[in-house]
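Chain naming here is simple, since letters A, B, ... match the order of the sequence lines and numbering starts at 1 in each. Just so it is clear, the values below take in all heavy atoms, side chains as well, and ignore hydrogens, waters and symmetry mates.
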2 protein chains.
Amino acid sequence: MTDAPLIRRSPVPPDQCNLWKAFGLIGDRWTLVILRSALYGVRRFDDFQVELEIPRSVLSNRLAGLVELGIMERREYREDGQRARVEYPLTDMGRALSLPFMAMTEWSDHWIGKGTSPLTLRSKTSGQRLRVAMVDEDGKPARKDDIEPVIILPPRRPAKAGKQEK
Amino acid sequence: MTDAPLIRRSPVPPDQCNLWKAFGLIGDRWTLVILRSALYGVRRFDDFQVELEIPRSVLSNRLAGLVELGIMERREYREDGQRARVEYPLTDMGRALSLPFMAMTEWSDHWIGKGTSPLTLRSKTSGQRLRVAMVDEDGKPARKDDIEPVIILPPRRPAKAGKQEK
DNA sequence: CCACTGAGTCCAATTATTGGACTTAGAGTA
DNA sequence: TACTCTAAGTCCAATAATTGGACTCAGTGG
């Protein structure tokens, strides 16, 4: 995903692109902002609803979808003398979204917020500010002009008569 | 954006969150897949339309929106003896999305594609495979358990009578 | 003059979203 | 027991967005 010359078709066609599939699954406004809140630690139906001002029916759909995808889990829990409640914690799959979301946060702070950064990350031990970057196997950051893409597509089968699954 | 305890409200409220705003601007399925193709180098109306199988009217809307946001540019160009054509190249702002998109690509390759990676990046000089990571100011990757969030909100003004802009 | 291509616009049918009212069930209170 | 409250939803009618297809417009080449 680098700067590129004019190209008529993406080297990774949509039906073989995991990024494409991901966008098909979680790439809508409500799902994305639900995940934003979830990564901050919000877990309960009404908390999402109030914070996001999302219609309850839509929230209900989206949470069900995220659970089905394995990004969130629907869990009943009970605090001391309280009755059972439902919470929607992130799974490992969901928590793994923190890196792309952080990268997107940096982009938005720079290009939309004009440099304002309400949320930053820092190292607990050194106190240094952290940022998202491309690194090599030794953990050394790559220079922008030293990056090149490698495309490896599974061999396409000859495509017999009849259409492929879309 | 780290693993977090139960929280009733996000520490960065939606109206002060650049990430939220970004999702409001580019966080829909079609816009995201258009940007995917654009980062691969696709620039022309019909190329997007054929590759994405997107309704022409929607493509038209989305491209206009991306131009207005400053993520793409609408440019007429002319090849040798050809008539003038239109192309939609990414601006710096658009190209800067390659890092978050690459982070998202890695997430999707791992969690959706079960480890398949049609696109990877590598260092031209060392040939090493590159990945997205959090690094400190010296470029040293941070360990997951050494990361902590820092929230800095602009002081809220007292909120006079009448509602804020939503 | 005709056909072709690229870049759109226009429109009717379908689908999704919205905002609000309503439902359900357990816990605490009188 | 009867109320009340809260959390987590469901249901519904009005509005808005999306879809797929046909159509337009201009230059160019034959």
Side-chain angles (χ1 to χ4, degrees), chain A residues 6-9 14 20 23-35 37-38 41-68 72-90 163 166, chain B residues 6-9 14 20 23-35 37-38 41-68 72-90 163 166:
Chain A
L6 172 60
I7 277 205
R8 309 296 308 271
R9 292 289 174 275
W20 174 288
F23 287 155
L25 298 174
I26 64 170
D28 71 286
R29 268 179 249 279
W30 285 126
T31 301
L32 290 169
V33 297
I34 288 168
L35 288 170
S37 293
V42 176
R43 290 193 200 143
R44 306 207 313 209
F45 190 94
D46 275 29
D47 290 347
F48 286 114
Q49 200 276 317
V50 170
E51 168 157 305
L52 307 181
E53 300 183 79
I54 179 178
R56 306 179 76 79
S57 50
V58 174
L59 178 57
S60 185
N61 288 344
R62 294 300 193 280
L63 288 175
L66 286 166
V67 168
E68 193 170 1
M72 282 177 156
E73 184 184 346
R74 183 182 191 283
R75 188 159 65 193
E76 295 214 343
Y77 72 103
R78 179 182 299 268
E79 292 177 320
D80 48 325
Q82 299 288 306
R83 73 180 145 126
R85 297 282 159 74
V86 178
E87 63 175 1
Y88 292 90
L90 292 169
K163 28 191 70 168
K166 126 164 156 181
Chain B
L6 172 59
I7 275 203
R8 308 295 309 270
R9 293 289 174 274
W20 175 288
F23 287 154
L25 298 174
I26 63 170
D28 71 285
R29 267 178 250 280
W30 286 126
T31 300
L32 291 169
V33 297
I34 288 168
L35 288 169
S37 292
V42 175
R43 291 195 199 141
R44 307 206 314 208
F45 190 93
D46 275 30
D47 290 348
F48 285 115
Q49 200 277 318
V50 170
E51 167 157 305
L52 308 181
E53 301 183 81
I54 180 179
R56 306 180 76 80
S57 49
V58 174
L59 178 56
S60 185
N61 287 346
R62 294 300 193 280
L63 288 174
L66 287 165
V67 167
E68 192 170 1
M72 281 178 157
E73 185 183 345
R74 183 183 191 283
R75 188 158 66 194
E76 294 214 344
Y77 72 103
R78 179 182 299 269
E79 292 178 321
D80 49 324
Q82 299 288 305
R83 74 179 145 127
R85 298 282 159 76
V86 180
E87 62 175 2
Y88 292 90
L90 290 170
K163 28 192 69 169
K166 121 164 161 183

**N-O pairing of A:Arg75 and A:Glu87 below 4.0 Å** =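 Yes, charged N to carboxylate O under 4.0 Å.
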Pairwise distance [atom1]([X]) to [atom2]([Y]) - rounded to 0.5 angstrom:
| X | Y | atom1 | atom2 | result |
| --- | --- | --- | --- | --- |
| B:Ser57 | B:Arg62 | OG | CZ | 9.5 Å |
| A:Leu66 | A:Leu90 | CG | CG | 8.5 Å |
| B:Asn61 | B:Trp30 | CG | CH2 | 13.0 Å |
| A:Arg74 | A:Leu63 | CZ | CG | 9.5 Å |

Heteroatom pairs (N/O) under 3.5 angstrom, protein to nucleotides 28-30 of chain C:
| unit_1 | atom_1 | unit_2 | atom_2 | d |
| --- | --- | --- | --- | --- |
| C:dG28 | OP1 | A:Gly81 | O | 3.2 |

To the nearest angstrom, how far is [X] atom [atom1] from [N] atom [atom2]?
| X | N | atom1 | atom2 | answer |
| --- | --- | --- | --- | --- |
| A:Gln49 | D:dT10 | CD | P | 14 Å |
| A:Arg78 | C:dA25 | CZ | P | 15 Å |
| B:Leu59 | D:dG20 | CG | P | 14 Å |
| B:Tyr88 | C:dG8 | OH | C1' | 8 Å |
| A:Glu87 | D:dA7 | CD | C1' | 13 Å |
| B:Glu76 | C:dG8 | CD | P | 9 Å |
| B:Ile54 | C:dA7 | CD1 | P | 14 Å |
| B:Glu53 | D:dG21 | CD | P | 11 Å |

Using side-chain heavy atoms (C-beta onward) and a distance below 4.5 Å, is B:Trp20 in contact with A:Arg29?
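B:Trp20 does not reach A:Arg29 side chain to side chain.
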query = Are the side chains of A:Glu51 and A:Gln49 in touch, meaning some heavy atoms are under 4.5 Å apart?
reply =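 Sidechains of A:Gln49 and A:Glu51: no contact.
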Might you list the N or O atoms of the protein lying below 3.5 Å from N or O atoms in nucleotides 14-17 of chain C, with each pair's distance?
| unit_1 | atom_1 | unit_2 | atom_2 | d |
| --- | --- | --- | --- | --- |
| C:dT17 | OP1 | A:Arg62 | NH2 | 2.8 |

Does either side chain, that of A:Arg43 or that of A:Tyr77, offer a donor lying less than 3.5 Å from an acceptor on the other one?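 No, no side-chain donor-acceptor contact under 3.5 Å.
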Would you say A:Arg29 places a side-chain N or O within less than 4.0 Å of OP1 or OP2 belonging to D:dA17?
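The answer is no; no side-chain N or O of A:Arg29 sits under 4.0 Å from OP1 or OP2.
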Exercise. Is any side-chain nitrogen or oxygen of A:Ser60 closer than 4.0 Å to OP1 or OP2 of D:dT10?
Worked result: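 Indeed, a polar side-chain atom of A:Ser60 lies that close.
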Polar side-chain contact A:Arg56-D:dG9 base: donor and acceptor under 3.5 Å: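 Indeed, a donor on one side and an acceptor on the other fall under 3.5 Å apart.
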*Pairing residues for A:Leu25 by the side chain to side chain contact (heavy atoms under 4.5 Å, CB included) criterion, not counting sequence neighbours*: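 With sequence neighbours excluded, A:Leu25 shows a side chain to side chain contact (heavy atoms under 4.5 Å, CB included) to A:Leu69, B:Ile112, given in chain and number order.
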**Request:** Could you please name the option among C:dA27, D:dA7, D:dT28 that lies closest to any side-chain atom of A:Asp46?
**Result:**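 Nearest nucleotide to the side chain: D:dA7.
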field: Nearest-neighbour nucleotide for the B:Arg83 side chain, D:dA8, D:dA26, C:dA7 considered
entry: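 The answer is D:dA26, which lies nearest to the side chain.
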Practice item. Identify, between B:Arg85 and B:Ser57, the residue whose nearest nucleotide on DNA chain C lies closer to the 5' end. Key: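 Its nearest nucleotide being more 5', the pick is B:Arg85.
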